[in-house]
Structure formats: structure tokens, C-alpha cells
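What follows is a set of notes on a single structure, which appears directly below.
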Protein chains: 2
Amino acid sequence: MSLQPVSLPYLIPDMPPAEEVVPFLREIDGNRWYTNFGPLATRLNDQILRTHFTDDRVKLLLCSTGTAALELGLAALGLKPGARVLVPAFTFPASANAIQNCGFEPVFCDVDENSWVMTPDIALEAVSRANIDAVMPVAALGRPLSASQWDRFFEKTGLPVLIDAAAALGNQEVGRHILVAFSMHATKAFGIGEGGLLACQNDNVIARARRICNFGMDARGQVVGHGTNAKLSEYHAAVGLAQIARWPARQLKRARVDASYQAQMKTCSHLWVSQSFTDNESLGEKVLIPLPVRHNRSTMPVRLHAGIRVSVQSVQEQLAAQGIGTRLWYNPGLHRHPHWVACAQVCRAGESTLVTVDRLNDRLIGLPFHNFLTPQDITFIVGNLRQIVENKEYSASLSQ
Amino acid sequence: MSLQPVSLPYLIPDMPPAEEVVPFLREIDGNRWYTNFGPLATRLNDQILRTHFTDDRVKLLLCSTGTAALELGLAALGLKPGARVLVPAFTFPASANAIQNCGFEPVFCDVDENSWVMTPDIALEAVSRANIDAVMPVAALGRPLSASQWDRFFEKTGLPVLIDAAAALGNQEVGRHILVAFSMHATKAFGIGEGGLLACQNDNVIARARRICNFGMDARGQVVGHGTNAKLSEYHAAVGLAQIARWPARQLKRARVDASYQAQMKTCSHLWVSQSFTDNESLGEKVLIPLPVRHNRSTMPVRLHAGIRVSVQSVQEQLAAQGIGTRLWYNPGLHRHPHWVACAQVCRAGESTLVTVDRLNDRLIGLPFHNFLTPQDITFIVGNLRQIVENKEYSASLSQ
């Protein structure tokens, strides 16, 4: 979050300046309403629907964090205590945190080699081998998943699906049967400081989640089920309203940064492969595939070809020496964190050894990606990366 | 939270206006740091320590809500799954929500007739009858508990103690062994919108709670235990810094409102009895006992004498007809909410029937209490209340 002690930090959040938040703070002064589903939160809810979703059947619940959105979504499913939730190990800890915080057990599985996500096929295979009560696919690094494919998975298996789309607000569609949780943390493309969003097409699920995020109380103040406090305050809603007013301009900036990277990366595409952004594309020569028009890249991950004989840790250090901040994802995979290694409740689905997660973690590096990068910055970053990895011996065949 | 459709609402939060928050928002702009233990949150932490606590051994963790403070405190105790936590039924639902959200079981007990809180004696009796793993006394309606008494309880029983002091920031001391959770919700005396505070004298507990509120990750990003996201954003810290600057002036206003009420209430003290604010006082003629100087009343609860033949619901309706907003606490007691009646994990300690909780709930009404009340408002409120209950038949003996 903080400005790193490097000249090109990995991330600079693009948040609304004080001046743009003030008009909304004045509204709060007038309303004397500070949290608990206030008028600004209601307005932000409507504006997010119009800005970030194309399907008017989508319903939203704003909440305090992306993790809370996951927890509210899971709790609203009405699973039995100890239910087993399938989740890819290639994700941020919050995915499994949320599962455990609801009294459920994460069951880790592997991801697809090209898209770096758990596909419905991977989930079907896992479900055939292990007892699974619900499925949490992850829109890893902001890559949107196919809502219709996951709808079909639900229709086929009857297993509830909650997509962890923390970094994919604006990219991830909401299907007929599935729930989707988003984050509005300052590090995300649409950041408001701290904030989350649960989306689905089912009014009852949203009503249940809303009740859960307000202590489990019904309209008469009677606690009728599980509850906590996960409400979005009017102050964060104020930041959100200021942020959404700047969205078109920000989206354009981000698209330019993306385009700059793509132009640079193509000049040395023999060195790395990209995360696929559609389900049917072949990797071929394509590197950093352009996203559909309304989509927003939220990260710039580069996967070094397997044959390049340099560790991502070493690449990270060498880039840091040039003043370039980077991130390694998700290092390690969730199945290798001490808490989940030690936790008896955690198991792997079937015989999977999560080879792809381990392989990705050994080869992935996130380059700086934010709205303040200039084309010159990007030339400098890609040039340095190229120099570091190109001098290394690598196998003649570029196959993985 | 919202302005009620009455001329004298039960509560009007006294929050900093936009102008007073702006300088801190500009600091955020300069820092480009928006959450995750930022510099404003760190400064607010230090200022709260200096403003609201007298003991310099106290350590704090700021977090997202009062409920989160309870959950972090409970989780930091390292209890076994399914641990049984003793809690009075005379409290807001969040107390028991937090216990269940940590995977523990609430065990409800009764409260003391005079102080309306669970005393160490009540807890000792419950512990002698039921299996209890931890104790959560509640500073009901902002009444501070004796930290030294609860320290002695811990020394005697070895049972961890976490005080739910949601409404008692500024009043509740932190003992040597006990943990205390506070709320900074907009409805509280020191409100920042949404916010919470965990306090204790043990650095290790605070470090553990801090780790839990940041996904269970250690300094190297390894998840080593339970975790969630309960961090206080810089935006809420900004509101808090603006709020703390106004605290001395606000405290004075609140003390004046309190004094006005006390003068008025004394004129008809035969109609009601007060919550005792120290542990040894006799009720006698005292009504609404003055708090020690640095203390702040956060609510104005009135308990009608048992003999007055009018329900608090009827009193509430009649006051509403005069444009006076009120609240009933805690109606019902937690043991009577459908969720906890139905929940097999909940039991009562020993043979207690929670008679005092039920009796309090039948007789307690919260009068408007906030910084915008004038002496005339208070004369009007108490005059109306007096008229409503004085005309009712009540037993010659005022004993309960």
C-alpha cells in the first residue's frame, strides 16, 4: 500500500483527492447518517450496478471488505457446519480465510496451465474424487471467469458456486445461479479504501446476506440467524461516489498503460507466456492478450518460460536494484502456508498434487501496473526485465 | 442512525463536519496510503491512548468495527474450537455473534439487579455449575466494570476475560490480565462512522490480534493461523483524528446534558431506579448517579419502578406521540432471540433462569441522549415521562 522505496513502485493507488470527496462529506453532514445502509451507500450501489455490470438482473450488497463479501456469500448459502468448499490453491489467503471463518473446510485444488484458474472441468474432476459441498472458483489476478460455464456446472452438480472475483470488478459477469464477491480495497482497479461487494441474481440471497451483515437481525430487530457487522460506512461510500465519477477517465489511463506494456512485451515474447483471458484461445505467439473493450486489466503478470535458468526471486532482486518494484504471486500457494499445511481440516481434492500452482509460483512475477506509469517507465521496466532473463541460458524448445 | 421522524430523536450523532475532516484527507492524498496500518491510523492509536486511557501500560489495536474487536480479542485467546464463552443475556446481539463467529458457543447468564451487568460473583457461580472456557462481561449501556475485580477473577479461575465495552470508550479501564473491546460506531460517544478498538496490557495478544486482522499473515506474508480482514482504513482514521480534536468540547456538552437530566430526574425519583455506576453504592434515593469526572455517560436509561402499571412499550408509544424518540434495551434478551432459542449450542449456565434480564427488559426505556439536547428539551422529555407514569397506579411500596 505504501509508496515503496523504489522509483517505480509496483503499485500507486489512483484514489480521488480530498477535493472530490468533500461534496459527498457535506451530504453526510446534511443527512446526519453515517453507516447502516445510508443514502450514499444506496446511491453507490445503484451507480456500481450501472457502471460495472451489463445485466440488469444483477443485485448487489455493498459491504466492508472483499473478505466480508466472501464470508457473507458463503454464509448466505446455508451450508451445513464443516461443509467442504473446493478452492484453487493459486489465490490470496482471504479465499481460504473466508471459508474457515464461516466454519467450513477449504479443499485445495490445482489450476489450469493456460488460464491459471480452476476451470469447471478441474472442479468436476475434484468433485468426482472428494466430498465437496460448494465451489469457490477464483478470478486469479483479475482474469474473469465464464459465468455461463459456472452456471452449467451448478445445473449439472447442484453444488453452489461463489466466485472470488476480488480483483475483477468491471470484468466479471454474474450468472443466473452463481454468487460473485468483489473487493474495493485501495489496491484494486476500483478502490475506495476498504470495501466489498456481493453480487448475484437472487433477491433472497442478497436479503439473507444483508441480514447477516447487520447482526443477523430481521426488520423487527430479532436475531434469526448467523450475523456480524460488515456494513459499508457512509464515509467509504463517499469515497466510492467520488471514485465512480472519475471512472471513465481512469479506465482510459489504465488502457493506455496496458497498451504500452503490450507493445513492449511483444518485442521479446519468446521469453514469457501470458495468462489466457478467454477460455478458447490458444497461447501461440500471443502475449498479454488484449482484454475485451469494457474490461480492465488489474495486474501485469509475466510468466517466465520454464527453460530460463533464473529464479523469479532473483529477477525480483535484480529489478529492485534498478528501482523497479514487483510482486510474486501467490508465493507460496495456499497449500504451502504453515497454517494450512498444519491444519488437519485441509485436504487436497483426490490425488491432485497441485503441480500447476507450484509451477506458476516458481515462474510468475507481477510488474508495476497502475495509472501513473508513462510509456518511458514501461520501456525501462520491460528493457530491464528482458536484459535480466535474456542473458540466461534457456532450452531451445520454448514448450513448458 | 437516521434522523427519526420525531422532533426529539433518540440519538443525533455528533460527528466532525466535512471541513474538519479535510485536512486529514489531504494528508492521505500526500501519503498515498489508504489502509493496512497507515500513518493516520497509527497516529489515531496514539491519540486515543492519551485521551481515553490513564494507564500507560495499555496497548491498542484499531480495527474495522466493535464486533471485529470482539472477534479479534476472542480469536487471540487461542481457545479450542467449540469453547464455551459465558456472556450475560443483557447485551446487544454482537456479543454473541462474535462468540459464534469464532467457532465458540455462547452460554448465557443473568445480571446483577443494581448494576445490570454480569458481576464476577455471578460468573463464579456460573462457572461452578457449567463448563466454561472464557468469560465475556459486558459494560452494559456504557457502565464501566471494575478491571481489578475481573483481574482477580482471572487470577482465581485462570479463565480468560474479554470485556465487551462497546459503549464505554473513555469509561472502561483495562486491567493487567483482561482484554477489552470498544466500538467507535457513529452511535457511540466517540464515534468515527464504523470502527473498533481492542485493548490490553499484553503485547503478544495485540500482536496476535493484529496478525489475525491482516489475514493471519506473519511479517513474511506466510499465513500462520486464523485470519480475516478487519483493518481500519485511513479514511476512518481521518474521521477519528478530526473527532478526537473536538473531544474536550464534546465531553463538556455531554456532561451538561447529563447534569440537566439529573436535575430533572431527581424531582420525580420515586418513579424510577438507576443503574449503579460503582460497585458498592446502595440505590437509596440516588437516581442517575453522577459518573466520575472523566467519565462520559453514553445512554440515559430509565428503569420504571416495578409497581407502575404501564408497559415500557406503552410508554414508548405515548412519548412517540409527543415527538420523543426512545429505545428499549435489550428487547428481548439474547436468550429470547429466535436464533439463540433455536440454537442447540446455546445453553444457560446452571439453573439460572435469567430473571433479572427479563425483568429489566420489561421496565427499561432509553431517553434521548446526545449533544444537541437543550435544557428545555430535557424538561419537556422528563415532564412527559413523568405525566405518563405518575398517573398510573403503583404499589405503595417502591421495593422491586
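The sequence lines fix the lettering, A, B, ..., with proteins before strands; numbering per chain opens at 1.
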| What closest approach, in Å, do A/His339 and B/Val224 show between heavy atoms, and which atom pair accounts for it? | CB-C, 3.7 Å
| Mind checking whether B/His337 and A/Phe215 have side chains closer than 4.5 Å, heavy atoms only? | no
| field | chain A interface, residue from B/Pro17, B/Ala230, B/Gly225 that has the most non-hydrogen pairs under 4.5 Å | value | B/Gly225
| query | If you measure from CD on A/Gln222 to CZ on B/Arg336, what distance do you get to the nearest 0.5 Å? | reply | 11.5 Å
| Heavy-atom pair count under 4.5 Å with chain B, highest-scoring of A/Ile192, A/Val239, A/Val22 | A/Val239
| query | With chain B, which of A/Lys231, A/His226, A/Glu234 has the greatest number of heavy-atom pairs at distances under 4.5 Å? | reply | A/His226
| Between CZ of B/Arg32 and CG of A/Leu11, what distance do you get to the nearest 0.5 Å? | 10.5 Å
| Residue, of A/Thr228, A/Ile28, A/Leu334, A/Asp14, that accumulates the most heavy atom pairs under 4.5 Å with chain B | A/Thr228
| task | Under 4.5 Å heavy-atom distance to chain B, tell me which part of A/Glu27 shows up: side chain, backbone, both or neither. | result | neither
| task | Go through the side-chain N and O atoms of A/Ser233 and B/His236 and say whether any donor and acceptor fall under 3.5 Å apart. | result | yes
| message | To check you understand the geometry: which heavy-atom pair defines the closest contact between B/Gly193 and A/Tyr235, and what is its length? | response | CA-CE1, 4.0 Å
| said: Taking side chain as everything from C-beta outward and backbone as N, CA, C, O, which of these in A/Val21 sits under 4.5 Å from a heavy atom of chain B? Side chain, backbone, both or neither. | reply: side chain
| note | Answer key: most heavy-atom pairs under 4.5 Å with chain A among B/Asp218, B/Thr65, B/Leu70, B/Asn101 is B/Asn101
| field | Selection from A/Asn331, A/Val223, A/Leu232 maximising heavy-atom pairs under 4.5 Å formed with chain B | value | A/Val223
| Without hydrogens or angle criteria, can the side chains of B/His185 and A/Asn229 be said to hold a donor-acceptor pair below 3.5 Å? | no
| note | Okay, A/Asp29 and chain B: the region with an atom under 4.5 Å from a heavy atom over there is side chain
| query | Can any side-chain N or O of A/Asn97 pair as donor or acceptor with the backbone N or O of B/Gly216 at less than 3.5 Å? | reply | no
| When rounded to the nearest 0.5 angstrom, what distance separates CE in B/Met217 from CZ in A/Phe92? | 4.0 Å
